[in-house]
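Down below is the structure, laid out as structure tokens.
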Amino acid sequence: MEFTASQIASFIDGKIIGDENALITGVSPIENGEIGHLSFIAQDRFSHFLDTSKCSVIIVSEKLLNKNTYNSTLIVVKDAYLSFQVLMNLYQEMRGRKEGIEDGSSIHDSAVIGDQVYIGAFTYVSEKARIGDGSQIYPHVYIGKGVKIGKNCKIDSGARIYDYCIIGDNCVIHSNTVVGGDGFGFQPTAEGFKKIPQLGNVIIEDDVEIGSNCSIDRATIGSTIIGKGTKIDNLIQIAHNVKIGQNNVIAAQAGIAGSTIIGDWNQIGGQVGIVGHIKIGNQVKIQAQSGVNSSVNDRETLYGSPAISYNDYLRSYVHFRNFPEIVNRINNLENNSKDNTNE
């Protein structure tokens, strides 16, 4: 597709400095700009590219301007990052959506398929499954018995949605993610560990995005729940009966153990481990690689990981909590010793 600078500016309510007819045929990172391409600058540390980039058009935050003329045509906006996101969403919509059922897919007679749905080759849709209007189911997806998928969802190739799971509207599930696999439930007996049947399901509410290669386990009974607007990165494990609230973000390789409850608007960093049967409040920030082993109040920021022997850690932690007081006592002892020596 080709656009002029003036057309792009009209989409994002931007002001043009330079040639409003400058033609755009592609997009580049600002570090590797090319003639005929569009890029953006939203942070001061990239502002030197305003003078050196080969991009024909650059979207720039108004706070970064320091002169009146530049080599590239500029589209000046309040926040270049947000404006560029608007353009990317518009471009994605312009690319269009697939429709129809491809050869090689298998759909049970009792399944209900909405309007303008796409189902790719080698996808299997089980009995009594329901797929809402406008949803896109890509090749090699498995949709289990009684699954409900809402409107305008996208399920990427290789995803597996097990029996009776429910997915809301406008959700995205990326490749090779499993929704509704068995929770890790085993009862120790004299003969070994006996499996506890996992009879619940997973409920994913509206506007959730789940990355690739994630595992979200079904509940033992009841539901594992992912709340509205939550965004989950790649390679994440969410165990049975976990309940995650609205608008959380969870970075790659995090793991949440069974029956933990997480509130709203939390930020959970990469490789965070959270034990089971605890409660995380709202607006909590957990730094990468932290291990959380007790409940957390609202608006706390946590960091740290207990990577030593459990008993050693418990003994050490008593002293760790008092470490500032211990340092002060040592400093006072040293100062008193010096004073006595001087006398």
Side-chain angles (χ1 to χ4, degrees), residues 1-98 134 136 152-154 156 169-175 206-212 228-234 246-252 265-270 285 288:
M1 296 183 185
E2 294 183 348
F3 295 94
T4 64
S6 62
Q7 288 175 316
I8 294 169
S10 69
F11 295 144
I12 55 177
D13 195 25
K15 175 184 174 182
I16 294 176
I17 298 177
D19 181 8
E20 66 179 17
N21 295 314
L23 194 64
I24 295 304
T25 59
V27 179
S28 294
I30 195 63
E31 301 92 332
N32 307 113
E34 299 180 25
I35 294 172
H37 280 204
L38 171 74
S39 193
F40 74 99
I41 299 176
Q43 297 179 353
D44 185 60
R45 62 194 177 105
F46 295 108
S47 61
H48 63 280
F49 286 110
L50 286 170
D51 297 314
T52 60
S53 177
K54 294 180 181 178
C55 283
S56 296
V57 179
I58 301 173
I59 301 169
V60 60
S61 298
E62 59 187 4
K63 66 183 180 181
L64 301 180
L65 298 182
N66 55 21
K67 57 183 182 179
N68 296 322
T69 60
Y70 295 89
N71 295 330
S72 302
T73 294
L74 304 186
I75 300 176
V76 183
V77 294
K78 184 174 182 180
D79 188 324
Y81 187 69
L82 292 179
S83 294
F84 197 72
Q85 286 185 14
V86 170
L87 288 179
M88 289 191 292
N89 286 325
L90 287 172
Y91 178 70
Q92 184 169 334
E93 291 175 9
M94 292 167 118
R95 293 173 65 183
R97 300 165 67 90
K98 289 187 174 184
Q136 310 273 289
N152 300 313
C153 292
K154 179 184 178 186
D156 270 322
D169 297 337
N170 308 310
C171 291
V172 178
I173 298 176
H174 289 277
S175 292
D206 297 346
D207 304 310
V208 170
E209 181 156 350
I210 300 170
S212 59
K228 181 177 180 179
T230 287
K231 313 302 181 187
I232 295 173
D233 200 357
N234 306 322
Q246 298 184 6
N247 298 305
N248 293 277
V249 288
I250 306 175
W265 292 102
N266 296 298
Q267 299 176 37
I268 298 174
K285 296 179 180 179

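A251 approaches G269 most closely through the heavy-atom pair CB-C, 3.7 Å. Across all their heavy atoms, A5 and T73 have their closest contact at CB-CG2, 4.1 Å. Pairing each heavy atom of D207 with each of C171, the nearest pair is N-SG, 3.8 Å. T4 and Q7 make their closest contact through N-OE1, 2.9 Å (heavy atoms, listed as atom of the first residue, atom of the second, distance). Heavy atoms only, all atoms of each residue included: H174 and V172 are closest at NE2-CG1, 3.5 Å.
Counting only residues at least two apart or in different chains, salt bridge (charged side-chain N to carboxylate O under 4.0 Å, His left out) contacts with residues 69-82 are absent. Residues in residues 61-72 take part in these salt bridge (charged side-chain N to carboxylate O under 4.0 Å, His left out) pairs, two or more places apart or across chains: D51-K67.
Here the CG atom belonging to N71 is positioned 12.0 Å from the SG atom belonging to C55, to the nearest 0.5 angstrom. With values rounded to the nearest 0.5 angstrom, E209 atom CD is found 11.5 Å from C153 atom SG. Between atom CD1 of residue I268 and atom NZ of residue K285 there is a gap of 13.5 Å, rounded to the nearest 0.5 Å. Taking CG from L87 and CD1 from I8, the interatomic distance works out to 6.5 Å, rounded to the nearest 0.5 Å. The structure places OG of S72 at 8.0 Å from CG of L50, a figure rounded to the nearest 0.5 Å. Going from atom CG of N170 over to atom CG of D206 covers 6.5 Å, rounded to the nearest 0.5 Å.
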Quiz prompt | Working for side chain to side chain contact (heavy atoms under 4.5 Å, CB included), residues L82 and V77 | solution = CA-CA 9 Å; L82 292 179; V77 294; over 6 Å; no

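Every side-chain contact (heavy atoms from CB on, under 4.5 Å) that N66 has, sequence neighbours left out, goes to Y70. For the side chain to side chain donor-acceptor pair (under 3.5 Å) test, no residue two or more places apart in sequence or in another chain qualifies with S175. Every residue meeting the side-chain contact (heavy atoms from CB on, under 4.5 Å) condition with T52, not counting sequence neighbours, appears here in chain and number order: F49. For N234, the side-chain contact (heavy atoms from CB on, under 4.5 Å) partners are S212, not counting sequence neighbours. Under the rule for a ring pair (Phe, Tyr, Trp, His ring centres under 6.0 Å), the partners of F84 that lie at least two apart in sequence or sit in another chain are F40. In this structure D44 satisfies the side-chain contact (heavy atoms from CB on, under 4.5 Å) test together with S47, L64, sequence neighbours excluded. Applying the side chain to side chain donor-acceptor pair (under 3.5 Å) test to N152 and every residue at least two apart in sequence or in another chain returns nothing. Applying the side chain to side chain donor-acceptor pair (under 3.5 Å) rule to Q136 yields no partners; only residues at least two apart in sequence or on another chain are considered.
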Return all side-chain donor-acceptor pairs below 3.5 angstrom for residues 14-33, not counting sequence neighbours, or 'none' if the list is empty.
| from | atom 1 | to | atom 2 | distance (Å) |
| --- | --- | --- | --- | --- |
| D19 | OD1 | N21 | N | 2.9 |
| T25 | OG1 | G36 | O | 3.4 |
| S28 | OG | H37 | ND1 | 2.5 |

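The environment of CD1 in I35 is sparse: at most 12 heavy-atom neighbours from other residues, nucleotides or ligands sit within 6.0 Å. Counting non-hydrogen atoms of neighbouring residues, nucleotides and ligands closer than 6.0 angstrom, the NZ atom of K228 reaches no more than 12 such neighbours.
N266 and N248 are linked by a side-chain donor-acceptor pair at a separation below 3.5 angstrom, with hydrogens and angles left out of the test.
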